[in-house]
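Since the structure comes first, as structure tokens, the remarks are kept for the end.
Letters go in sequence order (proteins before strands), and every chain restarts at 1.
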There are 2 protein chains.
Amino acid sequence: MGNQKLYKGSLQTIILKLLAATDKMYGYEITQKVKELTKGELTITEGALYPALHKLEAEGLLDVEVAKVDNRLRKYYKLTENGTKETVSRLAEMEDFLRTMQTIVNPNFSLE
Amino acid sequence: MGNQKLYKGSLQTIILKLLAATDKMYGYEITQKVKELTKGELTITEGALYPALHKLEAEGLLDVEVAKVDNRLRKYYKLTENGTKETVSRLAEMEDFLRTMQTIVNPNFSLE
DNA sequence: ATATATACATAATTTTCTTATGTATAACTT
DNA sequence: AAGTTATACATAAGAAAATTATGTATATAT
């Protein structure tokens, strides 16, 4: 597991992107998907995930739909119309950030 | 100015990388260099910078050398031997992080 | 004379996480 | 049958790293 600290600030964007790619997902599913996608490099804890989902919902970016599967509760989240728009801009910001950081940490990068 | 929030957690690595590329720099110089390098996308505030420099120094990654230029104080920071080693591993972690995030937010990326 | 730039610093607050804890059901193991 | 792990939600306490606000002081530009 790499430096989790670096992921600080990017959780909302990750959630939004996954929902843009999969239409609807529930919390636990998101944690498992991220673990799988990142080959275990990023583990989203419940203490980070659930508050983040609640916040995105409160901001009107996500809609929630409760389901019962195998006698267990699931909360499916999906992007609202506004959430879809916001995802586009969050992804653009993320790409700017990644490009900028790439430039800075590039081994060929020099200050001269 | 992009989403400053995304840079949370990467300030130490940025400082270390700049010092690896320039041998010694003082605080204000770092803020200006970063602004220039990122074309204004990232503005490092003093409230973030100075505590970060003090912390890196306390951890033994930086040495400080005080100078007086034009009757004004400057504190030049440079990597210690340990700081140079640590920079290598911090940059490796940063590259892992950037690669992983790139995978997740890549527009060609799909969950199927 | 006044504002901006250079150069440091810290305190209060906010944001976002980690760690710890709690509830509950299902499935697997011994 | 009993205990552990997996599934599925949630929140509270605390830590980490920033922002915002404030402070000191000198130099330069208007």
| said: Can you tell whether the side chains of A/R90 and A/E93 come within less than 4.0 Å, N to carboxylate O? | reply: no
| task | Measure the distance from CG on A/L6 to P on D/dA16 and round it to the nearest whole Å. | result | 16 Å
| Closest nucleotide among D/dC9, C/dT18, D/dA27 to the A/Y26 side chain | D/dC9
| What's the closest nucleotide to the B/N71 side chain, out of C/dT16, C/dC8, D/dA27? | D/dA27
| task | Report yes or no: does A/T103 contribute a side-chain atom to a donor-acceptor pair with the main-chain N or O of A/R99 at less than 3.5 Å? | result | yes
| message | Return the CD1 to OG1 distance between B/I104 and A/T38, rounded to the nearest 0.5 Å. | response | 6.5 Å
| remark: B/D70 CG to C/dA7 C1', in whole Å, measures 12 Å
| Listed nucleotide nearest any side-chain atom of A/Q32, set C/dA7, D/dT7, C/dA9 | D/dT7
| query | Expressed in angstrom and rounded to an integer, what is the separation of B/L53 atom CG from D/dA17 atom P? | reply | 14 Å
| message | Checking contacts here: which listed nucleotide (C/dC8, C/dT16, D/dA16) is nearest the side-chain heavy atoms of B/K5? | response | C/dT16
| task | Would you mind telling me which of D/dT19, D/dA10, D/dA27 lies closest to the side-chain atoms of B/A48? | result | D/dT19
| Which of these nucleotides, D/dC9, C/dT18, D/dA17, is closest to any side-chain atom of A/T45? | C/dT18
| said: From the set C/dA7, C/dT16, D/dC9, return the single nucleotide nearest to any side-chain atom of A/R74. | reply: D/dC9
| said: Does A/S10 reach a base, just sugar-phosphate, or nothing at all? Heavy atoms under 4.0 Å. | reply: sugar-phosphate
| message | Can you measure A/K55 atom NZ to C/dT16 atom C1' for me and round it to whole angstrom units? | response | 8 Å
| field | Nucleotide D/dT11, atom P - distance to CG of A/L49 in whole Å | value | 12 Å
| said: Is the positively charged end of B/K75 above the ring of B/Y26, judged by distance under 6.0 angstrom from the centroid and angle within 45° of the axis? | reply: no
| Flag, side chain of B/Q4 to backbone of B/T43, donor-acceptor distance under 3.5 Å | yes
| field | Sugar-phosphate only, base, or nothing, as touched by A/G27 at under 4.0 Å among non-hydrogen atoms | value | sugar-phosphate
| remark: DNA chain C nearest-nucleotide lookup for B/R72 and A/E46: closer to the 5′ end is B/R72
| said: When you measure from the side chain of A/T80 to the backbone of A/D63, do you find a donor-acceptor pair of N or O atoms at a distance under 3.5 Å? | reply: no
| Under 4.0 Å between a side-chain N or O of B/K75 and OP1 or OP2 of C/dA9? | yes
| request: With the side chain of A/H54 defined as its heavy atoms from C-beta on, choose the nearest nucleotide among D/dA8, C/dA9, D/dT11. | output: D/dT11
| Can a side chain N or O of A/Y50 be found less than 4.0 Å away from OP1 or OP2 on D/dA10? | no
| said: Quick check for you: among D/dA10, C/dA26, D/dA17, whose closest atom lies nearest to any side-chain atom of B/K8? | reply: D/dA17
| task | Please check the phosphate of C/dT25 (OP1 and OP2 only) for any side-chain N or O of A/K68 closer than 4.0 Å. | result | no
| task | For B/E29 and C/dA5, give me the distance from atom CD to atom P, rounded to whole Å. | result | 18 Å
| note | From CD1 of B/I44 across to C1' of C/dC8 the rounded distance in Å is 16 Å
| Does a side-chain N or O from A/Q4 land closer than 4.0 Å to OP1 or OP2 of C/dT18, or not? | yes
| said: Counting the atoms with a prime plus P, OP1 and OP2 as sugar-phosphate, which does A/G47 contact under 4.0 Å by heavy atoms, base, sugar-phosphate, or nothing? | reply: base
| task | Could you check how far CG of B/L73 sits from C1' of D/dA27, rounded to whole Å? | result | 14 Å
| From D/dA17, D/dT7, D/dA27, pick the nucleotide closest to the side chain of A/Y28? | D/dT7
